[in-house]
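Below, chain A is the first sequence line, B the second, and so on; all start at residue 1.
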Amino acid sequence: MSRYDPSVIEPKWQSAWDKAQTFRATRDGDKPKYYVLEMFPYPSGRIHIGHVRNYTMGDVIARYKLSTGHNVLHPMGFDAFGMPAENAAMKSGGHPKTWTYENIDTMVEQMKPLGFGLDWSRMFATCDPEYYGQQQALFLDFLEAGLVYRKNAIVNWDPVDMTVLANEQVIDGKGWRSGADVERRELTQWFFKISGMAGELLDAIDSLDEWPAKVKLMQQNWIGKSRGLQFAWDLTEPTHGHDKIEVYTTRPDTLMGASFLGLSPDHPLTKALEADNPDLAAAVAEMRRGGTTEEALEKAEKLGFDTGLKVQHPLDPSWEIPVWVANFILMDYGTGAIFACPAHDQRDLDFCRKYDLPVIDTFRALENGTPVENEAFVPLKTEKVRWLNHFAGLDVATGQEAVDTTIDWMQAKGLGEGVEKFRLRDWGLSRQRYWGCPIPIVYCDTCGVVPEKKENLPIALPFDNGNEEIDFSVPGNPLDRHPTWRDCACPKCGAPAKRETDTMDTFVDSSWYYARFTAPRAETPTDPDEANYWMNVDQYIGGIEHAILHLLYSRFFARGMIKTGHLPETAAEPFNALFTQGMVTHAIFQTTGKDGRPVYHYPEDVDLRDGKGFLNDGTEVTIVPSAKMSKSKNNVVDPMHIIAQYGADTARWFVLSDSPPERDVEWTASGAEAAHKHLSRVYRVAAEAAASDAPGNDHDTALLKEMHKAIFDVTQGVESFGFNASIAKLYAFTNTVAKSKAGSAAKREAVKTLVHLMSPMTPHLAEEVWSMLGGEGLIANAPWPVADEKMLVEDSVTLPIQINGKRRGEITVAKDLDKAEVERQALAHEAVQRALDGATPKKVIVVPGRIVNVVV
RNA sequence: GCAGGUGUGGCGGAACGGUAGACGCGGCGGAUUCAAAAUCCGCUUCCCGAAAGGGAGUGUGGGUUCGAUUCCCACCACCUGUACCA
């Protein structure tokens with residue numbers, strides 16, 4: 001009898017699928033279409049076990065849908081622009097393009113042996129000029145449709161390297177290479193007008209029935225709709241052309257608790273004052289130190305500077321409050337100015353205590369309300385509180401009632417306006433980098449800012465132009481330094497002009513690739529027929545880290561593409577269903593070095609015994625379980641080693657088996673070995689069944705009944721992303737088949753069904769066994785088994801009996817036995833009799849088919 | 001800081017408000033073997049007990065319920081995002 005040898009059978013079936021073009025996406029017949037897409041990878045160099053898990057999940061769905069009669073589109077590509085390629089060029093020389101395409105080749109070579117049912121003919125990388133040229137066409141159409149504009153934005157500036165830094169290049173407020181203190185600086189940048197769609201993007205979330213609730217909630221909070229009051233405070237003395245300061249507040253009801261008026265360091269008035277007030281300029285410079293992330297801004301120590309200006313309270317002109325500049329006020333939100341009410345906002349309170357500003361309560365708790373000391377009183381807006389001195393005459397009311405009343409009252413008096421605002425900011429797409437999609441804009445001395453003509457696209461990066469003089473030896477944007485690339489003719493007047501040297505944010509690349517996959521070689525961004533047929537993505541799969549930005553930008557882009565005629569109206573929400581999968585983790589094995597620092601050891605150097613790990617020389621290592629895989633911790637598992645050792649099917653089986661797909665899974669050597677043992681067992685059981693000639697007997701029905709239960713359970717698992725549950729059932733069913741004394745015909749049927757149910761996860765093994773047992777054609781194309789409902793019915797049921805909620809016994813009764821009889825039998829049970837000791841039960845709860853609980 | 005999530009045996013994890021620990025790993029015992037590997041069979045939450053049985057138990061502390069891993073409140077720890085990492 002032959003043994004299970006994945007190194008022989010896997011290449012064999014891969015070439016069989018290739019030959020039959022099994023996974024080529026086609027629009028044939030009247031079959032329904034199904035588009036399954038996994039978030040495409042960044043070409044970092046090698047595939048990661050996390051990729052294996054991600055693509056295996058997609059492959060299970062793709063193969064399952066193929067066998068349930070769908071035309072399936074399951075493509076693969078690469079998100080290939082971005083900083084790591086430039087970093088590699090800076091570090092080791094060479095060119096980002098060479099590095100990127102070499103990495104792509106390697107990764108494709110590594111993915112093919114995994115046997116994914118992908119339509120490789122559609123592959124592209126976002127750095128292909130054929131792709132980014134179409135992206136430039138989209139940009140021009142978006143510009144024409146009013147979805148793109150220019151304004152100033154704040155960036156991380158490294159004053160030593162004289163360059164813009166990405167957030168991840170700012171470490172503790174310092175530039176990662178220069179170590180210099182990073183400053184926040186303004187630059188003119190291109191923006192997508194996503195804020196104009198904020199309301200629509202928010203409302204449409206409700207229609208995303210097959211998205212995880214957590215992702216929808218995160219997007220809702222990110223868009224952040226609020227209703228508040230916008231109104232002005234008059235300056236007691238006009239200055240620098242300002243006679244009042246506009247503020248926006250979501251808590252206008254606390255107006256009588258105003259302590260000071262706060263300006264953002266980037267507010268126009270702040271900038272005006274800075275010019276002739278050196279002390280203020282110095283304070284603001286201090287406030288502008290550090291990175292631009294929201295986290296850095298929020299966690300920074302609260303700093304303030306008294307401008308000396310005063311404003312009049314809108315309800316009482318004799319009440320003047322000071323104007324401060326404060327570093328925690330964001331220019332991007334509202335009007336860049338606030339009034340502070342320290343009694344009901346912890347941040348304001350901390351600031352007022354630090355700078356000795358007044359704290360005035362406006363409301364207190366209904367019971368035991370005490371004045372605010374060092375903890376702001378911030379009840380839920382739905383909670384009733386007692387107002388101390390409310391101008392609109394409120395006494396006891398909730399915060400929400402007070403806000404509404406105040407807005408109405410202020411509006412009626414003409415003192416302000418109720419407005420809706422969103423937290424969502426416009427999407428800045430300009431990057432001062434080389435390895436990205438050039439922004440197709442030309443600056444002409446006479447014509448100004450001119451969009452490039454479509455017939456001149458793609459505006460290719462200098463390397464793609466055949467001009468390779470790219471210099472990464474100094475920081476900054478090589479396009480900006482390139483001797484000739486930026487020189488061009490003005491598309492409008494033909495005079496010599498200069499190109500935009502900024503490239504696009506890589507989020508742009510990934511915001512429409514799903515649409516491009518429907519017609520990857522089209523001469524326009526999309527082909528209407530193909531887009532109409534294949535859109536939307538029926539199932540999108542990727543990491544939770546993309547829950548907000550990538551998915552929100554894609555939703556925006558789909559709408560923009562509808563507006564510009566590149567997608568049908570029905571594609572406004574491009575992803576019908578979303579699934580967010582967890583990471584693959586691995587233990588870290590560490591010892592302590594002589595210098596006291598941790599030393600990390602590769603898994604292959606560690607011998608595991610009884611839950612402890614030892615090095616070759618007998619040194620025990622500390623095991624840190626379930627850590628994110630990271631090269632620096634030496635706990636990365638290379639899928640290629642696993643394939644060499646056990647085969648692709650084992651790797652696929654294991655990444656699905658041990659954890660629910662949305663959760664992290666820990667890779668363990670013993671788990672991988674167990675998966676391999678199980679696949680060998682299936683092969684053995686199949687070979688035995690193939691060789692057996694046992695006659696049919698009275699065990700046949702029991703086996704076939706179990707088979708139909710397995711069909712039902714496994715199918716349900718696959719349909720609901722419960723792959724680990726499907727696999728648990730498949731383990732159990734394998735056990736049943738192996739132990740069954742049924743005849744050979746029934747056994748062969750059971751084994752064929754077993755491997756059919758396994759085929760989305762372990763497709764090579766399934767094909768091999770299928771052909772061994774005389775299955776017709778490829779199992780990949782065979783129709784999915786259907787459970788016979790008659791075989792699922794059980795006629796009796798075992799009910800646990802609880803006494804006071806604790807399980808004390810069980811009874812087996814006919815499935816539809818009536819409640820009174822179940823109760824009678826339960827009470828007759830010896831454990832119940834013992835517990836009752838002659839008394840009558842206080843209560844008996846009978847849940848039909850479930851449980852009996854006797855309360856004594 | 002803010003937003004979202006997660007927390008169950010020695011380990012990964014299972015459980016429409018209804019038998020907590022399915023399935024797998026590890027461990028223990030047995031079969032097979034000259035022996036081993038491989039394979040097969042059984043046991044395995046913890047504590048007390050020879051057993052029958054009893055007690056405890058799903059991050060912590062409360063609450064709702066006949067019954068809570070599941071629902072509610074407060075807290076702790078970890079993970080993800082935080083708009084220029086992708």
_Taking ring pair (Phe, Tyr, Trp, His ring centres under 6.0 Å) as the definition, give me every residue that meets it alongside A:F328, ordered by chain and number, with sequence neighbours left out._
A:F351
*Which residues satisfy the salt bridge (Lys or Arg N to Asp or Glu O under 4.0 Å) test with A:D345, sequence neighbours excluded?*
none
*A:D332: what forms a salt bridge (Lys or Arg N to Asp or Glu O under 4.0 Å) with it, not counting sequence neighbours?*
A:R425
*Just jot down the salt bridge (Lys or Arg N to Asp or Glu O under 4.0 Å) partners of A:R185, sequence neighbours excluded, or say none.*
none
Output a table of nitrogen or oxygen pairs between the protein and nucleotides 42-45 of chain B separated by less than 3.5 Å.
{"residue": "B:G42", "atom": "OP2", "partner": "A:K739", "partner atom": "NZ", "Å": "3.4"}

_Can you list everything that forms a side-chain hydrogen bond (donor to acceptor under 3.5 Å, both in side chains) with A:D158? Sequence neighbours excluded, please._
A:S178
_ring pair (Phe, Tyr, Trp, His ring centres under 6.0 Å) partners for A:H829, two or more places apart_ = none
*asked:* With no hydrogens and no angle check, just 3.5 Å: does a side-chain donor-acceptor pair link A:N152 and A:Q189?
replied: no
*Which residues, if any, of residues 725-735 of chain A bring a heavy atom under 4.0 Å of RNA chain B?*
A:A728, A:Y731
*asked:* Can you pull out every salt bridge (Lys or Arg N to Asp or Glu O under 4.0 Å) where at least one residue sits in residues 718-734 of chain A? Sequence neighbours excluded, please.
replied: A:D713-A:K729
Output a table of nitrogen or oxygen pairs between the protein and nucleotides 52-59 of chain B separated by less than 3.5 Å.
{"residue": "B:G55", "atom": "OP2", "partner": "A:R808", "partner atom": "NH2", "Å": "3.0"}

_A:F422: ring pair (Phe, Tyr, Trp, His ring centres under 6.0 Å) partners, not counting sequence neighbours_ = none
*Residues in ring pair (Phe, Tyr, Trp, His ring centres under 6.0 Å) contact with A:Y513, at least two apart in sequence or another chain*: A:F40, A:F517
